[in-house]
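What follows is one structure encoded as structure tokens, with my remarks underneath.
Along the sequence shown, residues carry numbers from 1.
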Amino acid sequence: MKCPFCGYSESKVVDSRPAEEGATIRRRRECLSCQKRFTTYEIMERLPLIVVKKDGSRQTFDKQKLVNGMLRACEKRPVPLAELTNVADQIEQDLQNSLEREIKTTDIGEMIMTGLKSLDEVAYVRFASVYRQFRDINSFMDELNRLLIEE
């Protein structure tokens, strides 16, 4: 880290603490040449995630879209928004931890269904009915039977 006053490249860390709710680290540094102090901030670098849609188009990942989709499935259900946000946070974290930078919407949909299944089975079935595009009552019943068998 170069000193902003003299340009010397060596400094020592005097104080270090989290900032911005833990998203960054604030460091007070002292130049080893001129002894002046300055502050630096470290932030975690996040690589952009690209979502590949069914038609082949690409767009950047938006966690809010996950939450909105789950909210529609949970409409008039006793599922707190905080729990939906936690599911969306976990999905985003899993995607960031994967080595893939391009994720298919089908993979994201499966992750959402797994999260909804543990929160509310009715919301899970609602989301699955739209996501899996059930054509008739038989495909809907197949999903319900699969859900009952897994319990």
Please check if [X] and [Y] belong to a single hydrophobic cluster, counting links between Ile, Leu, Val, Met, Phe, Trp and Tyr side chain heavy atoms closer than 4.5 Å.
| X | Y | value |
| --- | --- | --- |
| V87 | V122 | no |
| V52 | F61 | no |
| V13 | M1 | no |
| V79 | L81 | yes |
| I50 | I103 | no |

What distance separates [X] [atom1] from [Y] [atom2], expressed to the nearest 0.5 Å?
| X | Y | atom1 | atom2 | answer |
| --- | --- | --- | --- | --- |
| S118 | M113 | OG | CE | 12.5 Å |
| E92 | L66 | CD | CG | 8.0 Å |
| R17 | R26 | CZ | CZ | 5.5 Å |
| C74 | L119 | SG | CG | 7.0 Å |

>> With no hydrogens and no angle check, just 3.5 Å: does a side-chain donor-acceptor pair link D94 and Q90?
In response: yes
>> Show every side-chain hydrogen bond (donor to acceptor under 3.5 Å, both in side chains) that has at least one partner inside residues 65-74, sequence neighbours left out.
In response: Q64-N68
> Going by the side-chain hydrogen bond (donor to acceptor under 3.5 Å, both in side chains) test, which pairs reach into residues 106-117, not counting sequence neighbours?
Replying inline: E110-R132, K117-E150
>> Going by the rule side chain to side chain contact (heavy atoms under 4.5 Å, CB included), which residues pair with I25 if we only count those two or more places apart in sequence or in a different chain?
In response: S16, R27, E42
Compare every heavy atom of [Y] with every heavy atom of [X], then report the nearest pair and how far apart it is.
| X | Y | result |
| --- | --- | --- |
| M70 | L84 | CE-O, 3.3 Å |
| D120 | A123 | OD1-N, 2.8 Å |
| A19 | Y41 | CB-CE2, 4.4 Å |
| F38 | C31 | CE2-N, 4.2 Å |
| T105 | K53 | CG2-CA, 3.7 Å |

>> Within a 6.0 Å radius of atom NZ on K63, are there more than 12 heavy atoms belonging to other residues, nucleotides or ligands?
In response: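 Yes, enclosed.
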> In this structure, are over 12 heavy atoms from other groups packed under 6.0 Å from E75 atom CD?
Replying inline: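 At most 12 heavy atoms, drawn from other residues, nucleotides or ligands, come within 6.0 Å of this atom.
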>> For E102, is there an ion pair with R58 - N to carboxylate O distance below 4.0 angstrom?
In response: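 Looking at E102 together with R58, the answer is yes, because their closest N to O distance falls below 4.0 Å.
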> Backbone N or O of V14 within a donor-acceptor pair of the R37 side chain at under 3.5 Å?
Replying inline: no
>> Using modelled atom types and a 3.5 Å cut-off, is there a donor and acceptor pairing between side-chain atoms of R126 and backbone atoms of A73?
In response: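 It does hold such a pair.
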